[in-house]
Amino acid sequence: MTAEVADPFGPLDPFVHPAFFYRDEQEYLDVTVPFVRDGLAAGEPVAVAVPGKNLALVREALGDDAAAVRLLDMREAGRNPGRIIPGVLRAFADAQPAGRRVRIVGEPVWAGRSAAEYPACAQHEALINAAFRGSTTTILCPYDTRDLPEHVLADAHATHPVVIPEGARTARDSAAYAPGDVVDRYNEPLDPVAHALAFSFDAESLSHARHVAVGEASRLGLTGVKRDDLALAMAELTTNSVVHGGGTGVLRVWSEDGHVVCEVRDAGRLADVLVGRRPVPRDQRGGRGMLLVNLIADLVRVHRGDSGTTVRCWFAL
């Protein structure tokens, strides 16, 4: 377990985190392209991490300027929302010279995100504020008002301190800003799945627990690198349970909607809302387990409660 971070959603300055709402491709380009070009003109490092279709629009509109921008398809780089802060946003921002403002267009929510993925998306957008507060970074987050449900757009107002309304070019304060409330609201219980294989483990049975997980994943059709990733994730999570979660835990594995899903439950309490989303210094010993799981799984959901913690991971077949 990790120590609780005091007031993780305190003052953000100089960090800037606007959401902007667009109705069509032209509105999208009217905001994103000047944002990128203004950054380039100021000598700022710029990245654009958005879904493939929008990435192609921005690349074409930028023309030769696109060569100076880090371009990422968020459908691949950010498939797991828990991977976006450490593996996309911080990976880019932390690689830049200290003190230089960094600009990023990041679009983690799009039509077609599954019901299982969305709570992790909303928490991700809220946690950006904790992960970047005090940094010289601007992260612009587009939201498509044509295709996204009303509750998603409402959540965007709650997770962003400033917003750019449809058809506008300038930001205004969000009256609904409450990122901590969003993190708590989507800390949803992950009910046990009745048909899942279940295995209780302790320190003496850690190795066997991993073999059980891999064997069941293989039986369900998971192969190759994905199976290796699952084995690594289960090794990290079961070890965390023994070391930090009371010494015991329960492992479950099942198939669901084209994925093998595995989870680990234990009696530990995760107090740090950024666990698994914060890059770890190279010289730090330990503390990489949840980060590694976020980086290799296709989706990770976590439920933190007073009686324990559940970590659930999806791996695509």
Side-chain angles (χ1 to χ4, degrees), residues 1-5 79-87 114-124 126-127 183-184 186-193 196-203 205-206 209-210 212-214 216-217 220 222 226-257 259-278 280 286-316:
M1 298 304 99
T2 53
E4 189 164 4
V5 177
R79 180 82 260 171
N80 171 22
R83 182 191 307 153
I84 299 173
I85 290 174
S114 70
E117 289 172 336
Y118 180 69
C121 291
Q123 288 186 319
H124 155 74
L127 290 170
V183 172
D184 292 341
Y186 286 106
N187 182 36
E188 300 173 345
L190 299 168
D191 296 329
V193 174
L197 177 147
F199 181 81
S200 298
F201 62 88
D202 57 18
S205 56
L206 267 181
R210 296 161 193 162
V212 168
V214 173
E216 182 67 0
L220 294 171
L222 199 65
K226 290 288 186 181
R227 185 175 59 191
D228 293 342
D229 287 342
L230 180 144
L232 183 55
M234 290 303 95
E236 293 292 340
L237 293 177
T238 54
T239 299
N240 279 351
S241 292
V242 168
V243 176
H244 303 294
T248 64
V250 178
L251 165 75
R252 289 183 172 85
V253 186
W254 68 96
S255 62
E256 176 183 298
D257 297 331
H259 294 78
V260 170
V261 186
C262 53
E263 72 170 32
V264 173
R265 294 173 183 257
D266 60 43
R269 182 174 180 272
L270 284 178
D272 183 358
V273 294
L274 285 174
V275 68
R277 300 173 189 259
R278 184 188 294 105
V280 178
R288 292 173 171 81
M290 275 299 299
L291 174 62
L292 179 61
V293 172
N294 267 329
L295 292 176
I296 62 178
D298 293 303
L299 174 64
V300 177
R301 293 276 305 279
V302 179
H303 177 251
R304 299 176 292 117
D306 292 337
S307 61
T309 299
T310 301
V311 181
R312 185 174 292 183
C313 309
W314 282 252
F315 296 87

Strictly by modelled atom types, are Arg210 and Thr239 linked by a side-chain donor-acceptor pair under 3.5 Å? yes

Non-hydrogen atoms of Gly276 and Pro86 that approach each other most closely: O-CG, 4.0 Å

Output the distance between atom CG (Leu220) and atom CG (Leu230), rounded to the nearest 0.5 Å. 10.0 Å

Under a 4.5 Å cut-off applied to non-hydrogen side-chain atoms, are Trp314 and Glu256 in contact? yes

Any side-chain to backbone donor/acceptor pair from His124 onto Ala122? Under 3.5 Å, distance only. no

Rounded to the nearest 0.5 Å, what separates atom OG in Ser241 from atom CG in Leu206? 8.5 Å

Side chain to side chain contact (heavy atoms under 4.5 Å, CB included) for Arg265 and Thr309? Distances and angles first, verdict last. CA-CA 6 Å; Arg265 294 173 183 257; Thr309 299; over 6 Å; no

Interatomic spacing from OG1 in Thr310 to CG in Asp266 - rounded to 0.5 Å: 8.0 Å

Value for CZ (Phe315) from OG (Ser255), rounded to nearest 0.5 Å, stands at 14.5 Å

How would you list all residue pairs meeting salt bridge (charged side-chain N to carboxylate O under 4.0 Å, His left out) that involve residues 292-313, not counting sequence neighbours? Glu188-Arg301, Lys226-Asp298, Glu263-Arg312, Arg269-Asp306

Has the side chain of Glu117 got a donor or acceptor atom that lies under 3.5 Å from a matching backbone atom of Ser114? yes

Side-chain contact, heavy-atom cut-off 4.5 Å: Val264 with Met234? yes

Nearest heavy atoms of Val260 and Ala217, plus distance in Å: CG1-CB, 4.1 Å

Which atoms form the tightest heavy-atom contact between Val253 and Cys262, and what is the distance? CG2-CB, 4.2 Å

From CA spacing to verdict: side chain to side chain contact (heavy atoms under 4.5 Å, CB included), Val193, Arg252: CA-CA 8 Å; Val193 174; Arg252 289 183 172 85; 5.8 Å; no

Atom pair NE2/OH of His303 and Tyr186 - distance to nearest 0.5 Å: 15.0 Å

Locate the shortest heavy-atom distance separating Arg227 from Leu222; write the atom from each residue and the value. CD-O, 3.6 Å

For the atom pair CG (Leu251) and CG (Leu237), what is the distance rounded to the nearest 0.5 Å? 9.0 Å

Closest non-hydrogen atom pair, Phe199 against Ser205: CE2-O, 4.2 Å

Please report the shortest heavy-atom distance between Ala231 and Val214, naming the atom on each side. CB-CG2, 3.4 Å

Please check if the number of heavy atoms outside Asp202 that lie under 6.0 Å from its CG is greater than 12. yes

Residue list, salt bridge (charged side-chain N to carboxylate O under 4.0 Å, His left out) with Glu236, at least two apart or on another chain: none

Sequence neighbours excluded, which residues qualify as side-chain contact (heavy atoms from CB on, under 4.5 Å) partners of Asn80? Arg83, Asn294, Leu299, Val300

Side chain to side chain contact (heavy atoms under 4.5 Å, CB included), paired with Met290, selected from Leu295, Asp272, Val275: Val275

So do the side chains of Cys313 and Val261 get within less than 4.5 Å of each other, counting heavy atoms only? no

